[in-house]
Amino acid sequence: MTEYVPVSEGELDEPIELPTEEDGSLLLSTVSAQFAGACGLKYRASGRLRGVRLVDERLSPPAEGWPAHRYWCAFPRIDPPPPRPRCSDLIVLGLPWKTGEEAVREYFGAFGELLMVQVKRDARTGLSKGFGFIKFAEYEAQVRALGRRHMIDGRWCDVRIPNGKEGAAAAHRKVFVGRCTESLTADDLREYFAAFGQVTDVFVPRPFRAFSFVTFLDPEVARSLCGQDHIIKGVSVNISSASPKRAGGAGGSGGGASVGGATAGAGAGSGARAGWPTLGWAPDAWPLPPTHLPIDSKPYLKYE
DNA sequence: GTTGAGCGTT
């Protein structure tokens, strides 16, 4: 004969009485009819949690019978969070000559715990080369630091994922934006494309050329945009995948894709980059002529 | 006028 088993969704919820079968078992389908997604039952016996035996979709009563306890549902484990992306070394470009590791550590320490800080120096003279490397403990800190510019000791600095192995992956996060007009600033592009995903870099060649590069944090965002035409400030631009930079000259070893924040250019031919529009700074005001900069914060020029 | 700046003594 049918008896009724009190079952609730969670331990503290109000039970619903569910009918058993002729053989005294409770069908899992009877449970899931009331509690969608339930995959079993549990109860408490002398303070400890116990599971109800389940064979072939039938839940068997405990030895002491159904009425001895009240029951609640077991649900499948929610999907385990995907493994966190790991932190990579990050290059910090454009450091003032005077800036040492202490200042870099103090500045980026505000973004999260730092595992490594280096300022690269000339072996002979000990003078800073104007760049360094950092590594965060937490990926979230890395994300916070990428894709915006950083004012360190009076100069705007860029944080990017270094070239090389990591840089090759950056190629998949970057799109080529063709048919740009001169009216489209790096900030315009960053603001527009931020709607599709976090933008970590915008590059607009200077002097003007009719293209730009936009790098996203998520390669899937970049991929999804390829092949599309978009209208930005009335300009129809075409988006395609960014092909690797051509090797050649110093340092180019194949895929020189870069990722990172904005850049204060130093010489003719440098590009314009934009950071977070919300910061409200004006990239078109850059690069400042070196003579307008404090003596201790001239633009980064290798070997100068 | 459709492909980019600079990248690590180990």
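In what follows, chains carry the letters A, B, and so on, assigned in the order in which the sequence lines appear, proteins first and then strands, with residues in each chain numbered from 1.
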Protein-nucleotide distance (A/Arg206, atom CZ; B/dA5, atom P), rounded to Å: 12 Å
Any donor-acceptor N/O pair under 3.5 Å between B/dG8 base and A/Lys129 side chain: no
Length of the CG-P vector between A/Asn238 and B/dG1, whole Å: 14 Å
Position toward the 5' end of DNA chain B (nearest nucleotide), A/Leu90 or A/Ala242: A/Ala242
Length of the CZ-P vector between A/Phe216 and B/dG4, whole Å: 19 Å
Lys/Arg N to Asp/Glu carboxylate O, A/Glu102 vs A/Arg105, below 4.0 Å: no
Sugar-phosphate only, base, or nothing, as touched by A/Ser241 at under 4.0 Å among non-hydrogen atoms: base
Ionic contact status for A/Lys42 with A/Glu11, cut-off 4.0 Å: no
Side-chain donor-acceptor contact under 3.5 Å, A/Asp23 with A/Ser25: yes
N or O in side chain of A/Lys174 less than 4.0 angstrom from B/dG4 OP1/OP2: no
Integer-rounded Å distance: B/dA5 P and A/Ile91 CD1: 15 Å
Charged N-O contact under 4.0 Å between A/Asp201 and A/Arg190: no
pi-stack flag for A/Phe213 and B/dG4, centroid dist under 5.5 Å, interplanar under 30°: yes
Check: A/Asp229/A/Ser236 side-chain N/O donor and acceptor closer than 3.5 Å: no
Euclidean distance, atom CG of residue A/Asp201 to atom P of B/dT3 [Å, nearest integer]: 18 Å
Nucleotide B/dC7, atom P - distance to CZ of A/Arg121 in whole Å: 18 Å
Aro-ring/base stack A/Phe133-B/dG8, d under 5.5 Å, angle under 30°: yes
A/Leu95 CG - B/dC7 P separation (whole Å): 14 Å
Out of B/dC7, B/dT2, B/dG8, whichever nucleotide has its closest atom nearest the side chain of A/Phe211: B/dT2
Interatomic distance, A/Phe176 CZ vs B/dG4 C1' [rounded to whole Å]: 10 Å
Sugar-phosphate only, base, or nothing, as touched by A/Ser240 at under 4.0 Å among non-hydrogen atoms: base
Which nucleotide in B/dG8, B/dT2, B/dT3 has an atom nearest any side-chain atom of A/Ala210: B/dT2
side-chain N/O A/Arg209 vs B/dG4 OP1/OP2, d < 4.0 Å: yes
